[in-house]
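Have a look at the structure below, then the notes.
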Amino acid sequence: MTEQDRYEQVKKKAEERAKELFKPLPKEIEEELEKESTLGSPENLVRPDNKDE
Amino acid sequence: MQASHLATIGKYDKYRAQAREIAEANLPANLKGVLNISGISHRELAAFKCWQVMPERKVDWNWLFSARYCTVYPKAFDMSVWLGNTLCSLSLGRPTYKGTEMRLDFIERLPKNCQYAGEMFTISLLAYEVYGELIGARKLRIMEPLNDKLINHYTSHGGFEFVESKKGNPHYLVRNL
């Protein structure tokens, strides 16, 4: 598969995925996402990589 | 810096730009043309300074390290979301050591009066999934998801599985791409 083919394939898949992701969320989940302004932590960035993954 | 390292940065710059472009093109109708997706550069870091003085801010992360991070990890993905001249969200992540999984390591959004606050995570998730696909990763990880409500939601509706913390690594959600 060429890079261009992969790009087109990813683009098409993203259209479908966006439809799933941007569906209305349950109210409690919407509230959680609106309430919290952070996710994860920069500490994740400095932990050494697991070389088996 | 070695030439091969520079070449990798250049190669992955293309994927980063493509992922942001695809994500922006697939925003829902109410956000398309309203929100813009970009990387993290001087402009974003300048806008971030406004966040640092907001009392509503819950963390004291300094995003200035993001430039260095993207140099150290040339395959990392950095992203920002703008509403006009307002910086709404910043996020960073990178592939795992073998490159088989893409990690969404952390996100922060405008601490106060963020329009579309609830959408910022979803927009980032889409862009990270797209980037993961472009670089050939097979899975996407959300590192340290917020809480049980969100974990339950994404495991029951989003195709994610929960992986517990082990050997000093944090817990995460993972989904096949």
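Convention: sequence-line order gives letters A, B, ...; per-chain numbering from 1. If you're wondering where the values come from, they're calculated on a predicted model, not measured in any experiment.
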Task: hydrophobic_cluster_shared for L173(B) and V163(B), side chain cutoff 4.5 Å - done: no
Open item on the list: Can you list, by chain and residue number, the hydrophobic cluster partners of V53(B) when the side-chain cut-off is 4.5 Å?
Closed with: none
All donor-acceptor atom pairs under 3.5 Å, backbone and side chain, chain B-chain A:
from: K14(B); atom 1: NZ; to: E3(A); atom 2: OE1; distance (Å): 2.7
from: Y15(B); atom 1: OH; to: E3(A); atom 2: OE2; distance (Å): 2.5
from: E21(B); atom 1: OE2; to: Y7(A); atom 2: OH; distance (Å): 2.7
from: K58(B); atom 1: NZ; to: K35(A); atom 2: O; distance (Å): 3.3
from: R94(B); atom 1: NE; to: D49(A); atom 2: OD1; distance (Å): 3.3
from: R94(B); atom 1: NH1; to: L45(A); atom 2: O; distance (Å): 3.1
from: R94(B); atom 1: NH2; to: D49(A); atom 2: OD1; distance (Å): 2.4
from: Y97(B); atom 1: N; to: E53(A); atom 2: O; distance (Å): 3.3
from: K98(B); atom 1: N; to: E53(A); atom 2: O; distance (Å): 2.7
from: R103(B); atom 1: NH2; to: N44(A); atom 2: O; distance (Å): 2.8
from: D105(B); atom 1: O; to: S41(A); atom 2: N; distance (Å): 3.4
from: D105(B); atom 1: O; to: N44(A); atom 2: ND2; distance (Å): 3.1
from: I107(B); atom 1: N; to: L39(A); atom 2: O; distance (Å): 3.0
from: I107(B); atom 1: O; to: L39(A); atom 2: N; distance (Å): 3.0
from: R109(B); atom 1: N; to: S37(A); atom 2: O; distance (Å): 2.9
from: R109(B); atom 1: NH2; to: E34(A); atom 2: O; distance (Å): 2.3
from: R109(B); atom 1: NH2; to: E36(A); atom 2: O; distance (Å): 3.2
from: E129(B); atom 1: OE1; to: R17(A); atom 2: NE; distance (Å): 2.6
from: E129(B); atom 1: OE2; to: R17(A); atom 2: NE; distance (Å): 3.3
from: E129(B); atom 1: OE2; to: R17(A); atom 2: NH2; distance (Å): 2.9
from: E133(B); atom 1: OE1; to: K13(A); atom 2: NZ; distance (Å): 3.4
from: E133(B); atom 1: OE2; to: K13(A); atom 2: NZ; distance (Å): 2.9
from: L134(B); atom 1: O; to: R6(A); atom 2: NH1; distance (Å): 2.9
from: R141(B); atom 1: NH1; to: E53(A); atom 2: OE1; distance (Å): 3.2
from: R141(B); atom 1: NH2; to: E53(A); atom 2: OE1; distance (Å): 3.3
from: R141(B); atom 1: NH2; to: E53(A); atom 2: OE2; distance (Å): 3.2
from: E144(B); atom 1: OE2; to: N44(A); atom 2: ND2; distance (Å): 3.4
from: N147(B); atom 1: ND2; to: E32(A); atom 2: OE1; distance (Å): 2.7
from: K149(B); atom 1: NZ; to: E32(A); atom 2: OE2; distance (Å): 3.4

Task: In one Ile/Leu/Val/Met/Phe/Trp/Tyr side-chain cluster, 4.5 Å: F22(A), L140(B) - done: yes
Task: Heavy-atom contact with chain A under 4.5 Å, split by part of L126(B) - done: both
Open item on the list: Need one label for I123(B): side chain, backbone, both or neither, based on atoms under 4.5 Å from any heavy atom in chain A.
Closed with: both
Task: Qualifying salt bridge (Lys or Arg N to Asp or Glu O under 4.0 Å) pairs with a residue from residues 43-54 of chain B, counting only residues at least two apart or across chains - done: none
Open item on the list: Among L125(B), L146(B), L150(B), which residue satisfies the side-chain contact (heavy atoms from CB on, under 4.5 Å) criterion with L39(A)?
Closed with: L146(B)
Open item on the list: In this structure, would F77(B) and V72(B) fall into the same cluster of hydrophobic residues linked by side-chain contacts under 4.5 Å?
Closed with: no
TODO: Determine which pairs satisfy ring pair (Phe, Tyr, Trp, His ring centres under 6.0 Å) with at least one residue from residues 32-53 of chain A, sequence neighbours left out, and list them in order.
DONE: none
Task: Pairs of heavy atoms under 4.5 Å with chain A: top-ranked of G118(B), A117(B), A25(B) - done: G118(B)
Task: Minimal non-hydrogen separation, G40(A) against F106(B), with atom names - done: C-CB, 3.7 Å
- [ ] Consider only side-chain heavy atoms of I, L, V, M, F, W and Y, link residues closer than 4.5 Å, and tell whether M79(B) and L92(B) are in one cluster.
- [x] no
Open item on the list: Could you report the tightest heavy-atom contact between A14(A) and V130(B), atom names first, then the distance?
Closed with: CB-CG2, 3.8 Å
Open item on the list: Hydrophobic clustering (ILVMFWY, side-chain heavy atoms < 4.5 Å, transitive) - are L35(B) and L110(B) grouped together?
Closed with: no
Open item on the list: Report which part of V59(B) has an atom under 4.5 Å of a heavy atom belonging to chain A: side chain, backbone, both, or neither.
Closed with: side chain
